[in-house]
Amino acid sequence: MKNEVVLASHNPGKLREFQQLLEDSPFQVCLYPATGEIVAETGDHYAENARLKARFVAQSTGSLALADDSGIEVDALDGLPGVHSARFVGSDPWRNSREILTRLMAVAPQARTARMRAALCLAWPDGRLMEAEGVLEGVILGWPKGSQGFGYDPIFSIDGQHSLAELPFGEKNRLSHRAQAVRALVSNLSRDR
């Protein structure tokens, strides 16, 4: 029987991604049931925000909780939007992507390097924590492509041609920053037993 873990998110796309990523793990993932902002993300780093969310959800539900904070870091924008990726110029993912594309209009394709970074935190109701991180290097495309995925997936590419939103779901979940972080977390759990 799998242990239920509450994902500190209301995002069904993120839930689907984590369900697939944790398919072979001892966890069954469900969304945080309450509505509204889970907790203010006041951390200066992804790991701090993931920790804040995981602790809050574990304490409020009495269940094992998993939180992630992730974002995109664009080198030509000095690492922006970084930890503020979800609310770069607003809460709408398309507006945020459009802002990046607008700021990069005069930047040559080879200088549009970027990375997606994900920090995960698994929190137990007793306060114990386990953390992991994943990074995916790539570039920002000139225009959004694809309809799979969410967030910045349509403008981010690992090969300079195809966006993450064009990749089959299973392939994206094999390569992504979240997939790398999940593999690291599961590996840490295995060693911790």
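Keep in mind that this is a model prediction, so the values were computed, not measured. When reading the values below, keep in mind they use all heavy atoms of this one structure, side chains included, and skip hydrogens, waters and symmetry mates.
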Exercise. Under the side-chain contact (heavy atoms from CB on, under 4.5 Å) criterion, do Phe27 and Leu189 qualify, and how do the steps go?
Worked result: CA-CA 12 Å; Phe27 302 117; Leu189 276 168; 3.4 Å; yes
For this session: Report yes or no: does Arg112 contribute a side-chain atom to a donor-acceptor pair with the main-chain N or O of Val139 at less than 3.5 Å?
Result: no
Exercise. Can you check whether Lys14 reaches Arg178 side chain to side chain, under 4.5 Å on heavy atoms?
Worked result: yes
Exercise. With hydrophobic residues grouped by side-chain heavy-atom distances under 4.5 Å, do Tyr46 and Phe88 end up in a single group?
Worked result: no
Exercise. Which value, rounded to the nearest 0.5 Å, describes the distance between Glu41 atom CD and Asp69 atom CG?
Worked result: 5.0 Å
Exercise. Which atom pair, heavy atoms only, marks the closest approach of Met116 to Asp153?
Worked result: CE-OD1, 3.8 Å
Exercise. Would Ile158 end up clustered with Ile100 when hydrophobic side chains under 4.5 Å apart are linked, directly or stepwise?
Worked result: yes
Exercise. Is the side chain of Asn49 donor-acceptor paired with the backbone N or O of Gly43 at a distance under 3.5 Å, no angle test?
Worked result: yes
For this session: Run the numbers on Val29 and Leu15 for side-chain contact (heavy atoms from CB on, under 4.5 Å), then give the verdict.
Result: CA-CA 7 Å; Val29 189; Leu15 173 65; 3.8 Å; yes
For this session: Over all heavy atoms of both residues, which pair between Ala67 and Ala54 is shortest? Give the atoms and the distance, please.
Result: CB-N, 3.5 Å
Problem set entry | Exam field: side chain Ser163 to backbone Lys145, donor-acceptor pair closer than 3.5 Å | yes
Exercise. Which heavy-atom pair separates Ser85 from Gly71 by the least distance, and what is that distance?
Worked result: OG-CA, 3.3 Å
Exercise. Honestly curious: do Leu64 and Leu185 fall in one hydrophobic cluster under the side-chain, below-4.5 Å linking rule?
Worked result: yes
For this session: Just do the side-chain contact (heavy atoms from CB on, under 4.5 Å) check on Glu17 and Asn11 with the steps written out, would you?
Result: CA-CA 10 Å; Glu17 193 168 322; Asn11 183 329; over 6 Å; no
Problem set entry | Test item: Trp94 and Pro144 side chains (from C-beta on) under 4.5 Å apart, heavy atoms | yes
Exercise. Within the side chain of Thr102, is there an N or O that forms a donor-acceptor pair under 3.5 Å with the backbone of Arg98?
Worked result: yes
Exercise. According to a 4.5 Å side-chain heavy-atom criterion applied to Ile, Leu, Val, Met, Phe, Trp and Tyr, with indirect links allowed, do Leu31 and Leu21 form part of one hydrophobic cluster?
Worked result: yes
Exercise. Does the His84 side chain pair with the main chain of Val89, one donor and one acceptor, at a distance under 3.5 Å?
Worked result: no
Exercise. Quick one: does Leu141's side chain get under 4.5 Å of Phe156's, heavy atoms only?
Worked result: no
Seminar exercise, completed: Shortest non-hydrogen pair, Gly82 vs Glu73, comes out as CA-CG, 4.1 Å
Problem set entry | More than 12 heavy atoms from other groups under 6.0 Å of CD on Glu171 | yes
Exercise. Can you find a heavy atom in the side chain of Arg16 that is under 4.5 Å from one in the side chain of Phe169?
Worked result: yes
Problem set entry | Interatomic distance, Glu23 atom CD to Lys2 atom NZ [nearest 0.5 angstrom] | 7.0 Å
Exercise. Counting distance only, does the side-chain N/O of Ser157 pair as donor-acceptor with the main-chain N or O of His162 below 3.5 Å?
Worked result: yes
Exercise. Mind checking whether Leu52 and Ile38 have side chains closer than 4.5 Å, heavy atoms only?
Worked result: no
For this session: Would you check if Leu120 and Val182 make a side-chain contact, meaning some heavy-atom pair closer than 4.5 Å?
Result: yes
Problem set entry | Verify same cluster id: Trp124, Leu7 (apolar side-chain graph, 4.5 Å) | yes
For this session: Give the C-alpha distance, both sets of side-chain angles, the deciding distance and a yes or no for side-chain contact (heavy atoms from CB on, under 4.5 Å) between Val5 and Phe18.
Result: CA-CA 11 Å; Val5 60; Phe18 274 106; over 6 Å; no
Exercise. Counting only heavy atoms not in Asp126, do more than 12 fall under 6.0 Å of its CG?
Worked result: yes
Exercise. Just wondering, do Ile72 and Pro81 contact through their side chains at under 4.5 Å, heavy atoms?
Worked result: yes
Exercise. So how far is it from Leu167 CG to Leu175 CG, rounded to the nearest 0.5 Å?
Worked result: 6.5 Å
Exercise. Between Arg95 and Glu99, is the closest basic N to carboxylate O distance under 4.0 Å?
Worked result: no
For this session: Would you name the heavy atoms of Ala58 and Ala123 that are closest together and state the gap between them?
Result: CB-O, 3.7 Å
For this session: Taking the six-membered ring of Phe150 (Phe, Tyr or Trp), confirm whether the NZ or CZ of Lys172 is under 6.0 Å from its centre and within 45° of its axis.
Result: yes
Exercise. Do you know which two heavy atoms are closest between Ala118 and Ala181, and how far apart they sit?
Worked result: O-CB, 4.0 Å
Exercise. Do the side chain of Lys53 and the main chain of Asp68 share a donor and acceptor less than 3.5 angstrom apart?
Worked result: yes
Seminar exercise, completed: Rounding to 0.5 Å, atoms CG (Leu122) and CZ (Arg128) come to a distance of 8.0 Å
Exercise. Could you give the distance from CE (Met130) to CG (Asn188), rounded to the nearest 0.5 Å?
Worked result: 5.5 Å
Exercise. Does a side-chain heavy-atom distance below 4.5 Å link Leu80 with Arg103?
Worked result: yes
Seminar exercise, completed: Taken to the nearest 0.5 Å, the spacing of Cys30 SG from Gln19 CD works out to 9.0 Å
For this session: Report yes or no: does Asn96 contribute a side-chain atom to a donor-acceptor pair with the main-chain N or O of Gly90 at less than 3.5 Å?
Result: yes
For this session: Using the salt bridge (Lys or Arg N to Asp or Glu O under 4.0 Å) rule, take Asp75 and Arg115 through it: C-alpha gap first, then chi angles, then the decisive distance, then the call.
Result: CA-CA 8 Å; Asp75 295 324; Arg115 73 209 39 80; 2.9 Å; yes
For this session: Please say which of Glu133, Gln180, His45, His177 ends up in a side-chain hydrogen bond (donor to acceptor under 3.5 Å, both in side chains) with Arg117.
Result: Glu133
